[in-house]
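Both counts, for ligands and for their atoms, begin at 1 and track the order of listing. The shown structure was predicted, so the numbers you read here are calculated from the model rather than taken from an experiment.
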Amino acid sequence: MFGFTEEEEMFCREVRRFAQRELAPFAKQRAKTENPYPMELRRKMAELGLFGITLPVEYGGQGPGGYVKLGLAVEEIGAADINAPNPNGSLLAGHYITHYGDKQLAEEWLPGLINGEKTSCLVVTEPECGSDAAAIKTQAKKRGDYYVLNGEKTSITNGMHAEVGIVFAKTNPTAGIAGVTAFVVPLDIPGLERIALHDTGWIPNGRASLFFDDVRLHVGYRLGEEGKGFLYLMQHFDFLRVTIALWALGAARASLEDAINYAKQRTAFGQPISRYQGVAFKVAEHSTKIEACRLLCYRALWLKEQDLPHSKEAAMAKWWGPKLSVDAIHDALLIHGHYGYSTDCALEQRLRDVIGHEIGDGTAEIQKLVIARHLFGKEHAP
Ligand SMILES: Cc1cc2nc3c(=O)[nH]c(=O)nc-3n(C[C@H](O)[C@H](O)[C@H](O)COP(=O)(O)OP(=O)(O)OC[C@H]3O[C@@H](n4cnc5c(N)ncnc54)[C@H](O)[C@@H]3O)c2cc1C
């Protein structure tokens, strides 16, 4: 039977206290600016161990495992400030470097990612392909001790702010998935230009396009073996997908709490609107679905923790969690009436933010393809 351990409960309470004290009060104001979050705040988050979950102790991390704790932390941060720096952000590079990088790469990047001084991004999507990631065209051609990278990436979360990216490029352009190789790229490298995208949500997260123009990267920055990049990407994507769901569900939970507080004090036709079933039942239904999806998420993370297959559960969580969150926040906004539609109320921005969770890390349709393949078998699935 699944339940949180004493240690997980304690960690969750600690993160919640921190997030409500340090993040929530400034969330609305920060959500509309493109500035990165202050380093001071990142350091405080690092002190709580937030950027080192699952990463090696020798570099300041909390050691292997801890995926349920990761989910709890992401959910609490999502509830306090959906745009705040998030443990799954440092893990983007941290996890890949830990699992596929050598000691030199680990020494160069892990301490900074874990102590909050450095941030990372995952660089897959290109202007002409997102869902079909195997169709990427960015090339890495080997020239002696260097690879020369050329191509254009886009829609990269934290692309404007990150110091390091895990970049996926073709070392064999005719080989499809088997031609994709992963690289650790310091983002101040000559030949790399970043251009900001101006988004409706996730605004402080600096989504960007990255242009590689004859970028010379030493072979030491290749992750693992040539041609294995796509395999590496997929092996660590599932748990990250679950955290995307929990991140959005946290924001939805906070929005329903806002709606409950508002409905208890707003009166219409002589009584608080909470006394109308049309209001209260909406909140009851969303809360039920959110709780069900949370359980699905934590079961998927628990499976990951036990080293058991969890791709199907992760895909279920990834499409359902953000969808439920969009629906819940939409209704929370409507419960706030005309005030909900104004920028004075945090809900309109939160709604824009969670739509991003529906798309980032794979759309609902792609998740349903994964689920269908598990249910029907590859031969019979769409
Ligand atoms: C907020 C946000 C953050 C992101 N962060 C990152 C990041 O950090 N790094 C990164 O590399 N990328 C990132 N992305 C990009 C994201 O991963 C892609 O946008 C996503 O995978 C979809 O790809 P696409 O936009 O090219 O859409 P397309 O692949 O062109 O799809 C368009 C539509 O067609 C549907 N579709 C496509 N194929 C199928 C199919 N086989 N069956 C049914 N429907 C299908 C899709 O579901 C979608 O609705 C981010 C995107 C957003 C919005």
Could you tell me, atom by atom, which parts of ligand 1 come under 4.0 Å of a heavy atom of [X]?
X	answer
Leu122	7 (C), 8 (O), 9 (N), 10 (C), 11 (O)
Val124	11 (O)
Asp361	17 (O)
Glu365	43 (C), 44 (N), 46 (C), 47 (O), 49 (O)

Quick one: nearest non-hydrogen protein atom to [atom], plus distance?
atom	value
atom 24 (P) of ligand 1	Gly130 CA, 3.9 Å
atom 7 (C) of ligand 1	Ser155 O, 3.4 Å
atom 38 (N) of ligand 1	Ile366 CD1, 3.9 Å
atom 18 (C) of ligand 1	Thr125 OG1, 4.1 Å
atom 8 (O) of ligand 1	Thr157 N, 3.0 Å
atom 20 (C) of ligand 1	Ile359 O, 3.7 Å
atom 2 (C) of ligand 1	Arg207 CD, 3.8 Å
atom 31 (O) of ligand 1	Ser131 OG, 3.7 Å

- Query: Is there a nitrogen or oxygen of Trp202 sitting under 3.5 Å from a nitrogen or oxygen of ligand 1?
  - Reply: no
Hey, can you tell me if [X] and [Y] have their rings parallel, tilted or perpendicular (30° and 60° cut-offs)?
X	Y	result
Tyr232	Tyr100	parallel
Trp247	Trp202	tilted
Tyr339	His336	tilted

- Task: Take atom 44 (N) of ligand 1 and look for protein heavy atoms under 4.0 Å from it; say yes if you find one, no if not.
- Result: yes
- Any heavy atom of Leu369 under 4.0 Å from ligand 1? The part involved is side chain
- Task: Tell me, with the steps shown, if Arg350 and Leu347 meet side-chain contact (heavy atoms from CB on, under 4.5 Å).
- Result: CA-CA 5 Å; Arg350 241 188 243 154; Leu347 289 164; 3.8 Å; yes
- Message: Listing request: all side chain to side chain donor-acceptor pair (under 3.5 Å) pairs with a residue in residues 177-196, at least two apart in sequence or in separate chains.
- Response: Thr171-Thr181
- Item | Heavy-atom neighbours of Glu128 CD exceed 12 at 6.0 Å | no
- Message: Given the ring of Tyr146, does Arg216 sit roughly above its face, with NZ or CZ under 6.0 Å from the centre of the six-membered ring and within 45° of the axis?
- Response: yes
- Query: In terms of hydrophobic clusters joined by side-chain contacts under 4.5 Å, are Met316 and Val370 together?
  - Reply: no
- Check whether Met234 and Val123 end up in the same hydrophobic cluster, where Ile, Leu, Val, Met, Phe, Trp and Tyr are linked by side-chain heavy atoms less than 4.5 Å apart. yes
- Any side-chain donor-acceptor pair under 3.5 Å between Gln349 and Asp353? yes
